Amino acid sequence: DQQVKQNSPSLSVQEGRISILNCDYTNSMFDYFLWYKKYPAEGPTFLISISSIKDKNEDGRFTVFLNKSAKHLSLHIVPSQPGDSAVYFCAASVGDSSYKLIFGSGTRLLVRP
Amino acid sequence: SQTIHQWPATLVQPVGSPLSLECTVEGTSNPNLYWYRQAAGRGLQLLFYSVGIGQISSEVPQNLSASRPQDRQFILSSKKLLLSDSGFYLCAWSLAGGIGTQYFGPGTRLLVL
């Protein structure tokens, strides 16, 4: 049972435009969400996170939106740059002592020059 | 600042041979430590996590084991590798106390032939 789902395996966007990556979850107990960026043959790099008490968090070109009622979060990248081309993973955790992050399967973003 | 190291970067091993992958963290004390595996085209699967020396929790039954002989050292082992053990292995750390961002190492690509 996939608790965190990224239904789009790939996304292609023109440089300068907005990239929107989506993530859905099923466990209503999740209260902390993260986005990671991963280049081939490298470890994931933390991008941005959001707590369930917020519905938006912004860091430079990256904004994460959380819709708890829909169990949906999204990552917006504006403006998109060719260097943003990578695989993006969303992850979620429960704020207890489980220490676990549950990852989605990833979305490959290609930003075309 | 904190850094995380993994080695080796790449490993090719025959079926039935033993395995030892090492992960060390610098710049922090008593971190939570994690081992993940990413199979080709898949998301990240949590294998083990540790909240202290000698404390290991296993997430999935498998052919692998983990140990934490020192505070900032985490080792992934196998006595006899299977073909299905091939994948990209990632070590991660987070601050003690549970919920929080995890930071990943560069990964080890393991190919079992």
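Since we're looking at a predicted model, the values are computed, not measured. Reminder, nothing fancy here: chain letters follow the sequence lines and each chain counts from 1.
B:Y89 and B:V25 fall within the same hydrophobic cluster, where Ile, Leu, Val, Met, Phe, Trp and Tyr residues are linked whenever their side-chain heavy atoms come under 4.5 Å apart, directly or through other members. A:I20 and A:W35 fall into different hydrophobic clusters, where Ile, Leu, Val, Met, Phe, Trp and Tyr side chains are chained together by heavy-atom contacts under 4.5 Å. Each of B:V12 and B:L76 belongs to its own hydrophobic cluster when Ile, Leu, Val, Met, Phe, Trp and Tyr are linked at side-chain heavy-atom distances under 4.5 angstrom. Note: the hydrophobic cluster containing A:L66 also contains A:V4 (ILVMFWY, side chain heavy atoms under 4.5 Å, direct or indirect links). In the hydrophobic clustering of this structure, B:L21 does not group with B:I75; members are Ile, Leu, Val, Met, Phe, Trp, Tyr whose side-chain heavy atoms approach within less than 4.5 Å, directly or through other members.
A:Y32 is listed as a side-chain neighbour of B:T101, based on a closest heavy-atom distance under 4.5 Å.
Distance check, rounded to the nearest 0.5 Å: CD of B:Q38 to OG of A:S105 gives 10.5 Å. We find the CG-CD distance between B:L90 and A:E42 to be 11.0 Å, quoted to the nearest 0.5 Å. To the nearest 0.5 Å, the span separating OH on B:Y34 from CG on A:L101 amounts to 6.5 Å.
When each of B:C91, B:G107, B:P106 is scored by its heavy-atom pairs under 4.5 Å with chain A, the top score falls to B:P106. With chain B as the partner, the residue from A:P44, A:G43, A:G106 showing the most heavy-atom pairs under 4.5 Å is A:P44.
Checking A:F89, A:F46, A:Y36 one by one against B:F104, the ring pair (Phe, Tyr, Trp, His ring centres under 6.0 Å) holds for a single residue, A:Y36.
Within a 6.0 Å sphere centred on CZ of A:R17, heavy atoms belonging to other residues, nucleotides or ligands number 12 at most.
Proximity to chain A (any heavy atom under 4.5 Å) is shown, for B:L44, by both the backbone and the side chain.
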